Structures are given as C-alpha cells and as structure tokens.
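Before any comments, here is the structure.
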Amino acid sequence: MAKLRDMFKKTSYLTLGRTQEGTPEEREPSVPEGLWVKCPKCGEMLYKQDVVEHFYSCPKCGGYFRIKTKTRIRMVADKGSFEEWGKEIPDKNPLDFPGYEEKLAENRQKSHLWEAVTIGKAKIGGKDAVLGVCDARFLMSSMGYVVGERITQAIERATELRLPVVLFCCSGGARMQEGIVSLMQMAKTSAAIKRHSDAGLFYLTVLTDPTTGGVTASFAMLGDIILAEPGALIGFAGPRVIAETIGEKLPEGFQRAEFLVEKGIIDGIVERKNLRLTIGMLLRMHGKRKGYANWTVDGQIPFPANAKEKSETEAVSAWERVERSRSAGRLTSLDYIQAIFEDFTELHGDRAFRDDGAVVGGLAWLDGQAVTVIGQQKGKNTKENVSRNFAMVSPEGYRKALRLMKQAEKFGRPIVLFVDTPGAACGIGAEERGQGEAIARNLYEMAGLTVPVLSVVIGEGGSGGALGLAVANEVWMMENATYSILSPEGFASILWKDGKRAKEAAEVMKLTAADLKELGIVEQVIPERIPACEETVSELAAFLKPRIKEFLERMSGFAPEELAAKRYERFRKY
C-alpha cells in the first residue's frame with residue numbers, strides 16, 4: 001500500500017505537465033478530491049487515511065491539522081453521549097453592520113454550524129461534563145454575542161447541575177462586526193466562570209490552534225487546569241502585529257504552546273491520542289472522591305520509637321548527617337512521588353512568568369484518593385541540577401506551589417509536600433520578582449488552608465526556602481535529613497566569622513531529625529536502614545505510604561476550619 005501511495009504521488013505531479021518554475025498554485029498536485037491532503041506545517045502530500053489514523057496529524061512531521069467540531073466531539077466524548085445546548089439563541093447585529101447577516105448565513109452553509117462554538121452535555125470516560133468546542137471554520141471562531149451567550153448559559157447550567165466544564169478553545173479574537181458588544185462577552189463569560197469556580201466545580205480548557213485575542217484574555221485562560229495541543233499558537237496579540245509594533249524579530253517558537261509551558265502560563269501539553277484518557281482522568285480526580293475517611297486503617301501505624309534502632313550505624317555526627325542530606329545519590333522528590341503515588345500528572349507554571357524546575361507539582365492517586373503532591377526537586381547530574389537551580393526555588397516556584405495548593409483546597413484534596421533545598425534562590429532576578437514576598441505569601445496562605453497538609457523533609461531543609469513548603473499540620477523528617485535556620489557554613493560565617501568551622505556549627509545548631517524531634521519541631525523521624533538511595537526507594541515507599549494514609553485518615557476527623565486551627569496552634573506554640 002505504501003509503495004502504491006508513493007507511485008500515486010509521483011504520477012500526480014507528473015500529470016501537471018509543468019516544471020518547478022511554475023507558481024505555487026500551479027505546483028499543487030492534481031489528485032482526486034478527498035484522497036490526499038497537504039500538511040499545513042511541512043507541506044508534504046499525505047494519504048488522508050494515514051492522517052486520520054494519526055489523530056489528524058502529519059505522519060511525517062507531527063504537525064496538527066485543524067479539525068471539525070463533530071470530529072473533536074467524536075474524539076473526546078463517549079459515543080452517542082453528546083447533547084447540544086443553546087441552539088435557540090438568536091443572532092444580534094448591534095452595529096447594524098452591512099452584510100453581517102449574509103456573512104453569518106454564508107458561514108453556516110459552508111461549515112454546517114450554527115455558530116463558532118458548539119456546547120452541550122456529554123460523558124467523557126463515563127463522567128458527566130459540559131463539553132464545548134470552538135471551530136475556526138466559522139468566522140475564525142471569533143467571539144460575538146451568540147458565542148458569549150452560549151458559553152455563559154452553559155456554564156450557568158453546569159453550575160446548577162454541579163457539572164465540570166471542558167472547553168476546547170480556538171479563536172481569532174473578538175468579532176469586529178459586533179463592536180463593543182463583542183468586548184462585553186469577555187467580562188460576561190469570565191463572571192460566569194467565577195460563579196462556577198466559587199461553587200467548587202472544575203473547569204478545564206484545552207487551547208488549540210489558534211487561540212488569540214479576547215478569547216485568550218477571558219475564558220480560555222481561566223481554567224483550573226489549562227492544557228494545549230502541541231504547536232498551537234496562543235497569545236493576546238498576534239505575532240505579526242507584535243513584530244511590526246516593536247520592530248524586532250521574535251524568538252523561535254514565540255507564542256507556541258511549548259513556549260507558554262516554559263514561561264509558566266499553561267499547565268502542560270497533551271497530544272490528541274491521549275486527549276480522551278487525560279481528560280477522563282482529570283474529571284475523575286476532580287469528581288466525587290473515594291475519600292480517605294473510607295480507608296481501612298488499623299489504628300495509628302507507629303513509627304519506631306528511636307530511628308537509630310533501624311539505622312545502619314549506631315552513632316552518626318551532625319556533620320555526617322549534613323553530608324548525607326547533600327549526597328548526589330540521595331533520593332529526590334520525584335523518586336518518592338513516583339514510588340508512593342499512582343498516575344502522577346505534573347502541572348506547570350505560576351501563570352505569570354515561567355515554570356520553575358526547582359519545584360515539581362501536580363495531581364496523583366493514593367489508593368483511589370486524589371491528592372496534590374509538590375516537591376523541591378534536585379537533579380541527578382550536573383546538567384539537571386543546573387536546569388533545576390539545585391532546588392533553590394525562585395519566586396515563581398513558590399507561586400506555582402501556592403497555585404497548586406489553593407487549587408487543592410478548592411477541590412478538597414489533601415496536600416503532601418517534599419522539602420529538599422539548600423535555600424531559596426538569591427540574586428538580582430529573584431529580588432526583582434519579589435522573593436521575600438513570595439515566601440511570605442506561602443506562609444500566610446498555607447496557615448489557613450482548609451485541607452490536610454503534610455510536609456516531609458527528605459534532604460536539605462534550608463532556612464526560609466524550606467519553610468515556604470513546610471507550614472503543615474505535621475512535619476516529618478528522614479533520618480538523614482537536616483532542617484536549619486541556615487547552612488552550617490553560613491551559620492559559622494555569621495556568628496564566628498569563619499565558614500571553615502561548619503562542622504563545629506553543625507553540632508551546635510540542632511539540625512538533625514533526632515534533635516528536631518526532641519525540640520518538637522517535627523512529629524516523626526523516618527528511619528533509613530541505609531542512607532536513602534535508589535537501592536532503598538521501594539523499602540522507603542512501602543514504609544511511608546501506609547503512614548501517609550493513616551495521617552490522612554486521622555485528619556479526616558476534623559472539619560476544614562479545624563484543620564486550619566490545628567495548624568495555627570502547631571506553630572503558635574514555638
């Protein structure tokens with residue numbers, strides 16, 4: 001078949017009877033309509049069935065084709081489950097714009113759509129949801145009154161029915177023919193989303209190519225989670241307008257989905273082949289949960305009374321603990337997350353500046369319970385450490401963590417945090433972007449969270465940089481972790497004007513897990529038979545998982561306001 005297709009392609013070019021010097025239109029291959037299609041990215045002629053089998057993407061370069069509303073619904077919704085809403089909303093021509101009604105009629109005839117957005121109720125992975133799809137074939141999916149009204153009515157109805165909303169966004173922006181009325185749709189749809197959010201309901205947006213203008217500045221960017229298709233153009237002003245305005249060449253990949261992940265604006269990218277599975281999983285994570293209160297846990301699972309009973313050595317100095325906490329082979333946050341939890345889905349960015357690799361966070365399952373997990377992340381080698389800034393968190397990293405924690409609070413998900421940082425990032429950029437304010441805001445907001453919060457210090461707990469993820473109902477420490485006001489080197493430099501006295505400083509700082517347990521700073525010490533490493537990850541995960549479940553089961557006995565009050569009292573006693 002492949003050979004036949006290649007022969008057909010060669011023949012189709014030859015039948016034109018023209019050389020490559022012809023116009024672009026003349027060089028287009030002459031093929032039977034509907035059998036072959038041209039890739040919008042690389043220009044290759046492709047057998048249409050191959051494109052369909054690759055979820056309407058190019059088998060050569062991976063470029064995505066824009067797809068019809070019916071195709072999108074068929075790709076995402078359970079078969080036969082979609083029920084359209086809002087078909088009765090009448091048109092408006094508020095400017096009495098000449099020829100507008102005729103333009104609408106022409107687009108309806110060509111696209112077989114009533115308007116640029118189709119929205120209704122569907123099942124996705126067996127879960128009820130409101131599903132909306134914007135379609136660029138209808139006036140470039142521009143937003144006018146009917147688009148805004150359809151979306152607003154659907155979100156209002158979703159709020160009444162307590163349903164999540166999934167919206168595939170695509171638009172060239174506001175609809176010029178409707179003038180200021182089009183602009184008002186931005187505020188109207190946003191207000192409806194705010195009410196939906198205040199009701200504790202889930203809103204997911206998937207940005208497709210292109211998503212620009214007023215749609216970007218309203219409902220497209222207000223999702224609890226924002227995903228995008230690979231390579232999608234996403235921005236407020238178009239790249240051509242920006243380039244002409246500022247008179248500069250734009251960076252490679254500017255305003256593409258991958259660029260927005262790097263800049264922290266969206267949570268991630270999802271390929272079409274994974275759309276149904278990903279959306280279904282997110283709906284389950286934000287639906288009625290099994291609940292940790294329903295776990296069967298046989299009483300409180302005790303920690304060993306003395307961590308040293310299970311450790312490899314009987315006596316280890318404080319400085320040795322410091323060295324172990326900093327070991328290049330020590331387990332990282334991702335190691336624990338992947339070993340303890342199931343189906344971890346990482347979410348990216350602070351929605352304002354960039355995605356800080358020093359913090360990883362997202363959603364996961366813990367034996368059927370959806371949880372939010374966040375950790376400070378070191379690298380496994382020099383290159384990774386440089387890209388993650390050695391787990392020294394920037395302001396945007398703390399803001400990303402806080403965004404995920406507030407999202408967890410909205411949906412009643414418990415939060416598990418892994419602390420491992422030599423300290424917060426310092427430097428001109430960090431100060432310009434408000435490092436102190438970012439940490440302070442985390443302390444402030446975490447104090448009042450109405451869901452259970454557990455922090456586990458797994459390596460270095462360096463100063464305020466660690467505390468920014470450790471305002472919890474309980475704080476646990478690995479046996480070879482440290483937690484201190486400053487590094488021993490910094491402590492010695494400040495108090496004794498001699499950083500070389502770091503070993504001596506470590507002994508007086510009371511920074512080991514055993515010291516901090518005795519001081520009441522941490523509730524539990526997690527024993528390490530040998531220092532945490534790849535060899536022991538399964539053993540440590542098996543030890544931690546039932547104890548985390550027991551903690552959550554114990555916390556389920558408290559009302560939301562009691563959880564915040566207990567956290568307040570925990571820190572009030574110091």
Side-chain angles (χ1 to χ4, degrees), residues 123-130 158 162-166 196-206 223-227 267-268 270 274-297 333-334 336-348 359-375 400-418 446 449-456 469 472-474 541 544-560 563:
K123 285 186 180 294
I124 304 174
K127 295 290 183 181
D128 287 328
V130 171
R162 299 201 59 78
L163 291 175
V165 176
V166 178
H196 184 262
S197 179
D198 288 346
L201 299 170
F202 179 51
Y203 176 45
L204 170 66
T205 55
V206 183
D224 293 298
I225 294 177
I226 305 173
L227 301 176
D267 284 291
V270 59
N274 299 323
L275 265 175
R276 188 196 296 264
L277 184 65
T278 300
I279 294 172
M281 180 182 67
L282 290 173
L283 291 177
R284 289 193 300 276
M285 283 183 162
H286 292 84
K288 292 180 180 178
R289 59 190 185 275
K290 173 183 173 182
Y292 37 83
N294 296 324
W295 275 328
T296 301
V297 181
S333 292
L334 277 175
Y336 287 102
I337 289 169
Q338 290 163 355
I340 295 170
F341 304 94
E342 304 93 44
D343 296 327
F344 173 62
T345 302
E346 186 174 0
L347 304 176
H348 296 269
V359 172
V360 295
L363 309 177
W365 295 107
L366 183 63
D367 284 355
Q369 165 65 42
V371 295
T372 290
V373 287
I374 303 168
K400 172 169 74 170
L402 182 58
R403 177 175 77 84
L404 297 180
M405 287 189 279
K406 294 300 288 184
Q407 185 188 97
E409 181 180 43
K410 172 182 173 180
F411 295 105
R413 285 194 299 268
I415 301 166
V416 180
L417 302 150
F418 294 94
M446 289 181 75
L449 290 171
T450 54
V451 293
V453 182
L454 171 66
S455 290
V456 185
L469 289 187
N473 291 95
E474 289 188 13
L544 277 166
K545 185 171 183 175
R547 286 163 177 82
I548 293 173
K549 290 173 61 176
E550 186 278 326
F551 164 81
L552 296 179
E553 193 274 337
R554 194 160 24 93
M555 291 297 107
S556 71
F558 299 99
L563 289 168

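This is a predicted model, so every value here is computed, not measured. Keep in mind that the numbers below use all heavy atoms, side chains included, and drop hydrogens, waters and symmetry copies.
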Is there a donor-acceptor pair under 3.5 Å between the side chain of N473 and the backbone N or O of L563?
yes

Please confirm whether the backbone N or O of V451 pairs with a side-chain atom of R413, one donor and one acceptor, at under 3.5 Å?
no

Enumerate the residue pairs fulfilling salt bridge (Lys or Arg N to Asp or Glu O under 4.0 Å) with a member in residues 401-411, sequence neighbours excluded, ordered by first and then second residue.
D224-K410, D267-R403, K406-E409, K406-E445

Locate the shortest heavy-atom distance separating R162 from A199; write the atom from each residue and the value.
NH2-O, 2.9 Å

For L404 and G362, which heavy atoms make the closest approach, and how far apart are they?
CD1-N, 3.9 Å

Do V165 and L201 come within less than 4.5 Å of each other through their side chains, counting heavy atoms only?
no

Separation of L454 CG from L552 CG (nearest 0.5 Å):
7.5 Å

Testing the basics here: between H196 and L163, what is the closest heavy-atom pair and its distance to 0.1 Å?
NE2-O, 2.9 Å

Can you measure from CD1 (I124) to CG (L282) and round to the nearest 0.5 angstrom?
10.5 Å

Which of these passes side-chain contact (heavy atoms from CB on, under 4.5 Å) with T278: L204, V270, L283?
V270

Counting only N and O atoms by type, is there a donor-acceptor contact under 3.5 Å from the side chain of S455 to the main-chain atoms of L469?
yes

Are the side chain of H348 and the backbone of K400 linked by a donor-acceptor contact shorter than 3.5 Å?
no

V453 and M446: which non-hydrogen atoms are nearest, and at how many Å?
CG1-CE, 4.3 Å

Straight-line distance of T345 OG1 to M281 CE, nearest 0.5 Å
3.0 Å

Among V206, L363, T205, find the one that has a side-chain contact (heavy atoms from CB on, under 4.5 Å) with I225.
L363

To the nearest 0.5 Å, tell me how far H286 NE2 sits from Q407 CD.
5.0 Å

Which word best sums up how the rings of F341 and F418 line up, parallel for under 30°, tilted for 30 to 60°, or perpendicular for over 60°?
perpendicular

What verdict does the side chain to side chain contact (heavy atoms under 4.5 Å, CB included) test give for F411 and T372, after you've listed the backbone C-alpha separation in whole Å, the side-chain angles of each residue and the deciding distance to 0.1 Å?
CA-CA 10 Å; F411 295 105; T372 290; over 6 Å; no

Less than 4.0 Å between a side-chain N and a carboxylate O, is that true for E550 and R554?
yes

Looking at M405 and L417, what are the two nearest heavy atoms and their distance?
SD-CD2, 4.2 Å

So, using ring-ring contact (aromatic ring centres under 6.0 Å, His included) as the criterion, who are the partners of F551 when residues are at least two apart?
none

To check you understand the geometry: which heavy-atom pair defines the closest contact between I340 and L366, and what is its length?
O-CD1, 4.0 Å

For the pair R547 and E474, find out whether any cationic side-chain nitrogen is under 4.0 Å from an anionic carboxylate oxygen.
no

